[in-house]
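Encoded as structure tokens, the structure appears first; notes follow it.
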6 protein chains.
Amino acid sequence: MYELGVVYRNIQRADAQVAAKLAALGTSTVHEAMGRVGLMKTYMRPIYAGAQVSGTAVTVLLQPGDNWMLHVVAEQIRPGDIVVAALTTDNTDGFFGDLLATSFQARGARALVIDGGVRDVKTLTEMRFAVWSRAISSKGTVKATLGSVNIPVVCAGALVTPGDVIVAADDGVVCVPRAMASATLDAATKREANEGEKRAKLASGVLGLDMYKMREPLAAAGLKYID
Amino acid sequence: MYELGVVYRNIQRADAQVAAKLAALGTSTVHEAMGRVGLMKTYMRPIYAGAQVSGTAVTVLLQPGDNWMLHVVAEQIRPGDIVVAALTTDNTDGFFGDLLATSFQARGARALVIDGGVRDVKTLTEMRFAVWSRAISSKGTVKATLGSVNIPVVCAGALVTPGDVIVAADDGVVCVPRAMASATLDAATKREANEGEKRAKLASGVLGLDMYKMREPLAAAGLKYID
Amino acid sequence: MYELGVVYRNIQRADAQVAAKLAALGTSTVHEAMGRVGLMKTYMRPIYAGAQVSGTAVTVLLQPGDNWMLHVVAEQIRPGDIVVAALTTDNTDGFFGDLLATSFQARGARALVIDGGVRDVKTLTEMRFAVWSRAISSKGTVKATLGSVNIPVVCAGALVTPGDVIVAADDGVVCVPRAMASATLDAATKREANEGEKRAKLASGVLGLDMYKMREPLAAAGLKYID
Amino acid sequence: MYELGVVYRNIQRADAQVAAKLAALGTSTVHEAMGRVGLMKTYMRPIYAGAQVSGTAVTVLLQPGDNWMLHVVAEQIRPGDIVVAALTTDNTDGFFGDLLATSFQARGARALVIDGGVRDVKTLTEMRFAVWSRAISSKGTVKATLGSVNIPVVCAGALVTPGDVIVAADDGVVCVPRAMASATLDAATKREANEGEKRAKLASGVLGLDMYKMREPLAAAGLKYID
Amino acid sequence: MYELGVVYRNIQRADAQVAAKLAALGTSTVHEAMGRVGLMKTYMRPIYAGAQVSGTAVTVLLQPGDNWMLHVVAEQIRPGDIVVAALTTDNTDGFFGDLLATSFQARGARALVIDGGVRDVKTLTEMRFAVWSRAISSKGTVKATLGSVNIPVVCAGALVTPGDVIVAADDGVVCVPRAMASATLDAATKREANEGEKRAKLASGVLGLDMYKMREPLAAAGLKYID
Amino acid sequence: MYELGVVYRNIQRADAQVAAKLAALGTSTVHEAMGRVGLMKTYMRPIYAGAQVSGTAVTVLLQPGDNWMLHVVAEQIRPGDIVVAALTTDNTDGFFGDLLATSFQARGARALVIDGGVRDVKTLTEMRFAVWSRAISSKGTVKATLGSVNIPVVCAGALVTPGDVIVAADDGVVCVPRAMASATLDAATKREANEGEKRAKLASGVLGLDMYKMREPLAAAGLKYID
């Protein structure tokens with residue numbers, strides 16, 4: 001499925017403003033706005049709590065125990081990008097640390113999303129370089145085998161095409177296809193707008209059962225109350 | 001085993017004062033006081049550190065990818081309750097978020113314990129609504145299939161009967177059967193009372209070997225020291 | 001493989017000053033300086049973020065659900081030691097809590113590394129007693145079956161011989177054999193010294209591709225750029 | 001939750017004939033007939049393919065790494081029983097081997113269902129003593145700590161009360177509460193009776209879409225066909 | 001990422017003869033011939049040993065605990081197809097059993113590859129209907145929520161586009177993109193042709209070290225022999 | 001811990017006759033005879049049921065996704081050896097297939113024990129080349145980075161020193177240190193000799209409770225019978 005040993009230099013990125021605005025809405029709202037799809041596996045966790053970012057994906061495919069291509073992808077980063085690193089197999093080695101983070105940050109990267117391990121997490125946290133990863137590991141890597149840069153990849157169960165928008169937060173990571181970015185921003189913004197009113201009602205003691213008019217369908221489905 | 005499609009409205013809750021007092025003793029002391037039983041699996045983790053609560057269980061059984069019954073259980077919550085959500089199968093979707101938390105909090109719930117996933121954890125943390133869950137996930141759910149409310153459930157390996165006391169802290173979650181709540185409070189309080197003196201002795205350098213008089217039984221078991 | 005029912009009282013510890021100095025370098029640098037070996041499995045996590053310690057290993061082998069030998073090992077602790085607890089089988093019970101931590105701290109232990117579970121993590125965090133463990137669990141243990149103290153053990157996949165140096169941080173736990181401790185300190189210190197200059201270059205926008213002269217070997221390996 | 005150190009000698013077993021007849025229907029049909037509940041976790045696997053049994057549950061609660069109570073439960077076995085062994089914590093040691101199997105078989109046990117490990121699986125297979133377990137492990141156990149016999153237990157996520165009916169096959173293990181055994185047998189038999197006709201239709205090329213009249217509800221749910 | 005609620009009726013299948021011929025080469029050879037990519041996760045296991053098939057993919061996206069779309073996809077099966085079922089989240093319920101297998105077989109399907117659970121495995125084995133799945137589970141499913149048919153899906157970590165070729169065997173499951181099917185068959189056939197000669201040499205005692213001329217590169221990499 | 005880039009050519013193997021005789025006793029009996037230690041993790045499974053072997057260990061340390069050193073170790077195999085392959089990190093790629101098996105078999109190897117993945121399992125089974133592995137995977141590997149041969153390794157949690165005896169069967173894999181091989185054979189043979197008589201007694205209905213005289217210690221521990 002994957003083309004190996006290639007670097008695509010010209011990718012079509014989603015609109016930068018749209019990409020930037022999705023962060024504020026958060027992973028869960030964006031995922032709902034897309035119809036409940038596009039989410040990475042729940043094992044992808046932030047290295048520190050509270051980070052919430054969005055940006056355009058540059059992708060990289062790594063071989064197990066080998067971080068050579070992370071140096072290659074660094075050159076392809078533009079301000080506002082998020083690097084999405086997939087692997088050809090399950091492996092939790094520490095592919096990424098503070099030196100690469102310094103380089104990525106200098107290139108304007110907003111975050112790294114990696115289906116493998118990272119290290120130097122204390123320094124990364126101090127640098128406020130956000131990372132979502134499968135694991136934390138000191139295990140060092142070699143530079144011996146080619147992968148690819150900016151090909152479509154499957155990262156933690158989600159298909160990511162270069163230029164798609166990545167939204168990452170405490171709730172996890174979602175990928176918004178470039179062609180859907182603008183519509184998703186609109187839909188997510190609308191969802192968000194509705195939530196304030198709903199929250200106020202629920203806070204006042206109104207039940208979801210009534211607010212969402214669920215009593216009738218529940219009864220129709222056969223729900224029985226027993227005293 | 002489970003009766004489906006039913007909501008029991010009248011359950012016998014453990015004494016409210018007893019239920020409230022167990023929080024201060026913590027999961028580990030309560031679990032010891034019960035004879036080292038009643039603990040949920042260790043994969044149940046708090047969404048933020050430091051929360052420590054206890055309360056009476058209202059239970060709900062959910063179907064995979066479906067959070068309909070969480071709206072049904074909301075109506076059954078009374079102040080001081082903790083909602084315990086079990087599933088009919090392993091599933092880590094995000095069944096619960098900030099809107100439901102607002103509703104649960106408005107009803108007086110002290111916490112949620114769920115053998116599935118939750119989302120909006122940043123907002124839940126800001127709201128100080130405590131949750132112990134198996135996973136964090138943005139994955140949205142549908143409202144299509146009935147489960148039940150206030151039937152006995154197995155949650156993360158522990159049997160929870162409606163009205164039992166739940167004690168949850170950084171160390172995990174334990175269920176105290178209603179009939180044992182008062183005796184457990186007494187036993188746990190006594191354990192706690194003993195600990196201050198022990199701690200002082202150990203801090204002064206006295207060894208557990210001597211304090212607990214273990215040298216003789218260790219020798220009897222055959223332990224050999226080699227210089 | 002393991003000798004059971006024995007306590008070795010006299011072990012040869014690595015040089016105390018060398019052992020103490022390795023902490024500042026961190027797990028990842030030390031692991032690299034050793035040639036990328038000696039690391040424990042990534043499931044070993046600190047109970048609170050930011051702890052970074054090193055010290056000489058005293059080892060203990062535990063039986064499942066039984067913490068008897070932790071009381072035995074306490075007596076063998078000298079200031080500057082780190083207790084490394086291995087198990088004869090996979091088990092995540094809560095072998096260690098605040099009372100044992102008080103005793104360990106009184107004896108001068110700097111940390112516990114345990115391939116099992118611990119409890120009272122809130123108190124341990126307040127005490128600033130650092131622990132790296134496989135799990136957090138309230139599950140209590142018995143005192144019925146002998147293990148051993150100060151024999152070589154396999155802990156979380158790493159062989160630890162009594163007297164070796166343990167380095168533990170947010171990135172994980174590494175074991176440095178006693179005979180390699182001094183050379184590893186030198187090598188790690190050199191690595192660290194180089195990093196400042198590298199970091200400055202990368203921060204200024206120089207690419208790792210150029211700094212590490214990777215373009216030629218990448219081309220030789222067949223990497224192709226596509227516009 | 002669990003009462004420790006007790007053996008209940010008199011339990012009410014489900015009707016022996018009903019218990020015996022459920023085997024032929026298999027786990028999946030019985031589970032459906034019960035409303036899709038009562039199933040143990042999917043990690044419970046048979047030690048050899050093709051075994052299909054049912055019988056009345058005698059239960060035993062084991063401590064980690066300790067098989068003492070398996071000798072105690074042996075005395076409580078009556079012909080037609082299936083022993084259900086739960087643990088107070090996760091542990092995969094080899095609690096059961098060919099000697100205990102010889103004893104269980106001599107007492108008339110039809111199978112063992114254990115939320116832990118077993119060993120001597122080659123001999124057990126030759127003996128045709130059916131076992132469903134969480135793991136296969138040579139790891140030996142001690143005889144030091146009490147559990148209980150014939151108390152309600154949670155085994156692999158399912159509540160089992162002594163006297164319930166256990167049905168186990170290649171598809172897994174289900175527990176049928178004693179009070180529901182007869183009705184479940186009737187319902188499962190009816191399900192089975194219907195299946196022959198359905199199978200014939202489907203084999204002839206009729207689609208489930210038509211046989212179950214799904215086209216209309218699918219369209220109502222919004223399904224669109226695109227050429 | 002996923003479009004929901006749609007069925008694509010017209011897909012471009014890989015050449016039927018090419019698709020059929022890949023089975024004989026097996027997963028491992030085909031995967032190597034593709035450059036070591038396209039493999040599903042190793043948790044995908046056959047329900048019985050020895051099955052080895054290939055065919056053109058028709059895809060289906062399922063919701064957790066819901067097998068409605070398996071009935072929809074049945075109608076889209078043509079002789080020589082393999083159904084590839086992906087899920088919107090991790091879920092191991094028993095989505096597929098002997099009735100659906102009868103229908104799939106009647107339509108000409110060669111196998112099912114499902115990133116979820118299956119049941120009735122004894123009957124499926126007797127029918128010789130090959131299945132690769134993540135789990136075996138009796139857990140029944142509902143028919144309530146739409147997924148899609150014949151959209152590109154990520155199944156067990158591999159991207160599968162309708163019409164691609166699936167090759168499945170004891171070693172696992174690989175997906176060959178339609179455009180690469182013919183070239184992959186040629187490359188795999190060549191690999192296979194070379195293996196006989198290699199096998200004979202190795203069987204006669206020639207070492208891979210010599211046959212592959214590895215001694216020089218090993219020495220260049222620094223390998224040292226110590227007597 | 002590990003020395004990299006070295007091959008030790010001269011190792012002291014355990015006595016060949018002793019090594020060969022342990023197979024007949026099986027993993028579980030040998031493990032018990034050693035005092036219940038030396039066992040590998042239970043995730044190590046045979047690729048086909050019924051294989052039961054023992055032999056002297058030659059060890060190899062592999063890097064993730066790299067099987068270069070398996071060609072190096074082949075040259076060090078002598079008739080009666082079992083190759084034990086450890087990894088520097090968790091990785092389940094397919095390091096070993098039918099060509100390497102042909103070579104190993106030609107050199108006289110009795111089996112492979114690998115803490116990683118293998119492929120061509122159908123052919124390996126036909127060849128009757130026994131393998132215990134962590135996973136089955138088609139994933140191909142590279143030949144780029146050095147490990148070592150015949151250094152002490154940790155394989156699946158067990159320390160294996162070159163020349164130790166490996167015993168592997170359906171129950172798992174155990175490592176017997178060279179110095180203990182002869183005594184272990186004696187102890188295991190004695191255990192085995194006792195088992196026939198015990199089995200006969202248990203088969204006749206005598207209970208372990210009586211045969212092992214457990215009633216008194218159980219009562220002393222507080223066990224209560226309730227009618």
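Since this is a predicted model, take the numbers as computed values, not measurements. Chain A is the first sequence line, chain B the second, and so forth, proteins listed ahead of strands; every chain is numbered from 1.
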Counting only non-hydrogen atoms closer than 4.5 Å, does [X] touch chain B with its backbone (N, CA, C, O), its side chain (CB onward), both, or neither?
X	value
C:Q105	neither
C:S148	neither
C:L146	side chain
C:E126	neither
C:V149	neither

Less than 4.5 Å to any heavy atom of chain C: does that hold for the side chain of [X], its backbone, both, or neither?
X	result
B:L39	side chain
B:Y43	neither
B:E32	side chain

TODO: Tell me, yes or no, whether the heavy-atom count around C:R9 atom CZ, taken from other residues, nucleotides or ligands under 6.0 Å, exceeds 12.
DONE: yes
Task: Leading residue by heavy atom contact count with chain B [cutoff under 4.5 Å; candidates C:L99, C:V142, C:N10] - done: C:L99
- [ ] Quick one: which of C:D98, C:T92, C:T145, C:N150 has the most heavy-atom pairs under 4.5 Å with chain B, could you say?
- [x] C:D98
Task: Over all atoms of both residues, closest heavy-atom pair of B:D171 and C:S138 - done: CB-OG, 3.2 Å
Task: Taking every non-hydrogen atom, the tightest pair across B:I114 and B:M44 - done: O-CE, 3.2 Å
4.5 Å side-chain heavy-atom contact, [X] and [Y]:
X	Y	value
B:P46	B:D170	yes
B:D15	B:S182	no
C:Q76	C:Y8	no

For chain C, which candidate among [options] shows the most heavy-atom pairs at distances under 4.5 Å?
options	answer
B:G222, B:G35, B:A49, B:S204	B:G222
B:L209, B:D210, B:V206	B:L209
B:G50, B:G26, B:G172	B:G50
B:T42, B:L223, B:V174	B:L223

Open item on the list: Quick test of your reading of the model: are B:D115 and B:K41 salt-bridged, counting only N-O distances below 4.0 Å?
Closed with: no
Task: Euclidean distance, B:T27 OG1 relative to C:R119 CZ, rounded to 0.5 Å - done: 10.5 Å
Open item on the list: Can you confirm whether the side chains of C:T56 and C:D81 place a donor and an acceptor under 3.5 Å from each other?
Closed with: yes
